[in-house]
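Data block below; observations after.
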Amino acid sequence: MTRLFDEHIKRRVTPLDGAWHFLKDRDDTGLSLGWFRALPEWETVTVPSVWNTEKGNLTYEGVAWYEKRFYTEGGTLRFCFGAVMTEACVYLDGEKLGEHYGGFSQFDFIVYGVKEGWHTLTVRVDNRFDACSIPQKRVDWYHYGGIVRSVSVETLRGICVLGSRLEYTLSEELSKVRGHLTLELCNAGETSLTETVCAKLDSFCIGDVSVTLEARARKQVSMPMFEMDHVRLWDVGAPALYELSVMTEADDLFDRVGFRSVEVRDRALLLNGKELEIRGVNRHEEHPDWGFAFPEGLMKRDIDLILEMGCNAIRGSHYPNSQIFVDMLDARGILFWSEIPMWGWGFSEEALADPTVVERGLEMHREMVRYYYNHPSIILWGMHNEIQLGTCAAYQLTDKYYAYLKEYGGNRAVVYASDKPWEDICFGLCDIICLNQYYGWYYGYEADAWEKFLERFTEKTKELGVSDKPIVMSEFGCAAIYGCHDDEGILWSEENQAAQLGHALEVFHSHPSVIGSFIWQFADIRTCLEAGINRARGFNNKGILNEYRKPKLAYRVAKEKYLSFAKKENP
Ligand code: ADA
């Protein structure tokens, strides 16, 4: 399952999820032995999944092969992968289709002239790290491997719609939308074709164009500008969505879009012209029994728990989440921060300056924008998290990513998360200053530490000339082991975590420069072995729920605080 709705009616889509052959390639000899032609032996696993949850594979890091037989009536086929962790090399009947780098983004390959009959799709998956990996080996989550999101094969006919991007502006009084649609089209046929492409928002026709494409050609086509009155706005808790449909003779593409304005000015973030207070939580799309192959039913449950505690925003820490999760946020009116997995600690200054790292990061941004552009819930693009922000390399990289997202990212704010408030030289390259700070945990336990920190930091923003930017506390929290109780509030107890969190939330949500918070973190997550002895049980235990979503005391306290802040906003 890739989306919360059918993307196609006319196009035949065959899911390739389910049983696949699987073989580990410990010595990395599969390529030279020609395993892409046929695996010499295998076990059967289900896809999507991570191999680490199979008995005996928990710590396996390396190469593995997946193979699937499928039947097709033939023609032009498009193989769509939701995400493969981390590098994928894909073969059809032993012929290489292509490669993809990056574990959290979707990709596809189009193959022409496939014959009717049975075929074999093979994927070589490699989740090892190298000097230019994004993320680097040292992260604070688990090194899972596998085909972690859905796979499908589509049969393309005639002029096909591969993607859409709806750009728009709203009139000042927010009642009229002016926009235009850009389509990525291809001719799946073997002769030149001319067809009419029509697009609608619900029943409102936003235009049609006649398109001529040579056989197998691909091109971007801009539809004419359109204007629509009496727009229903997408908003927090009131998410009006429109069905965007694009039709050609034999093909179609459906999406759900929403119209809202996002503006940052005078130290405020405005959604549809109203000041927004962010009541957020950081969430990894991870579960100890499923890894990154997170089941849809549990996504819904996570969202229920998050809504129930009065949140209006989620940070998808630290990578693009599955489309279906973001569809759920669109449908339920929850704001989302989507970022690429360029995550702190591991990146030396040298790595940040490495052209391969910079380009891989840029490509991840391109993919994120390409696939997630139309989601109204995404109001923040995140470029990176806790990198060496005092260095020239970080500045240059951020400059590049910021320019890209400002130009192509649409109606959104662009941010990154900084843990270096005193050394950071990049604050000019973001729309909102987002700070990860851990008073009450790593940095000591003074009672008024947060107040002093914010006072000093506000002064610092004046010195740096960035005091017009709002501040979001993007991470803060304490670890607690679920079920560890202590009336004196010793470290690791639920009481300590709850008290620290409650206090921090009170301070942030009454501070004039702070427009919101993202609690670190929603649920405990399995973390990598490199995180070492700091991580009891092999987990990052700062979740306000444990890894099985059982609430700790901090969940109840955060809920009480967030609901009371929400009430102040809407008495
Ligand atoms: C950082 C990082 C998180 C997590 C957190 C922690 O801020 O961004 O991913 O590792 O620290 O728990 O220490």
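Counting starts at 1 for both ligands and their atoms, in listed order. Along the sequence shown, residues carry numbers from 1.
- Ring pair His375/Trp337: centre-to-centre distance not below 6.0 Å.
- Aromatic rings of Trp343 and His384 (six-membered ring for Trp) have centroids beyond the 6.0 Å cut-off, not under it.
- Inter-residue side-chain proximity for Ile544 and Ile519 is flagged as met; some heavy-atom pair is nearer than 4.5 Å.
- Phe508 pairs in a side-chain contact (heavy atoms from CB on, under 4.5 Å) with only one of the listed residues (Val472, Ile471, Val514), which is Val514.
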Inventory of protein N or O atoms under 3.5 Å from ligand 1 N or O:
from, atom 1, to, atom 2, distance (Å)
ligand 1, 7 (O), Glu386, OE1, 3.4
ligand 1, 7 (O), Glu386, OE2, 2.4
ligand 1, 7 (O), Glu475, OE1, 2.3
ligand 1, 8 (O), Asn385, ND2, 2.7
ligand 1, 8 (O), Glu475, OE1, 3.1
ligand 1, 8 (O), Glu475, OE2, 2.7
ligand 1, 9 (O), His318, NE2, 2.7
ligand 1, 9 (O), Trp343, NE1, 3.0
ligand 1, 10 (O), Asp140, OD2, 2.5
ligand 1, 12 (O), Trp520, NE1, 3.3
ligand 1, 12 (O), Asn540, ND2, 2.8
ligand 1, 12 (O), Lys542, NZ, 2.5
ligand 1, 13 (O), Tyr442, OH, 2.5
ligand 1, 13 (O), Arg535, NH2, 3.2
ligand 1, 13 (O), Lys542, NZ, 3.3

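- Checked against a 6.0 Å centroid threshold, the rings of Phe453 and Tyr439 count as neighbours.
- In this structure, Arg549 is not positioned above the aromatic face of Tyr482 in the sense of NZ or CZ being under 6.0 Å from the six-membered ring centre and within 45° of the axis.
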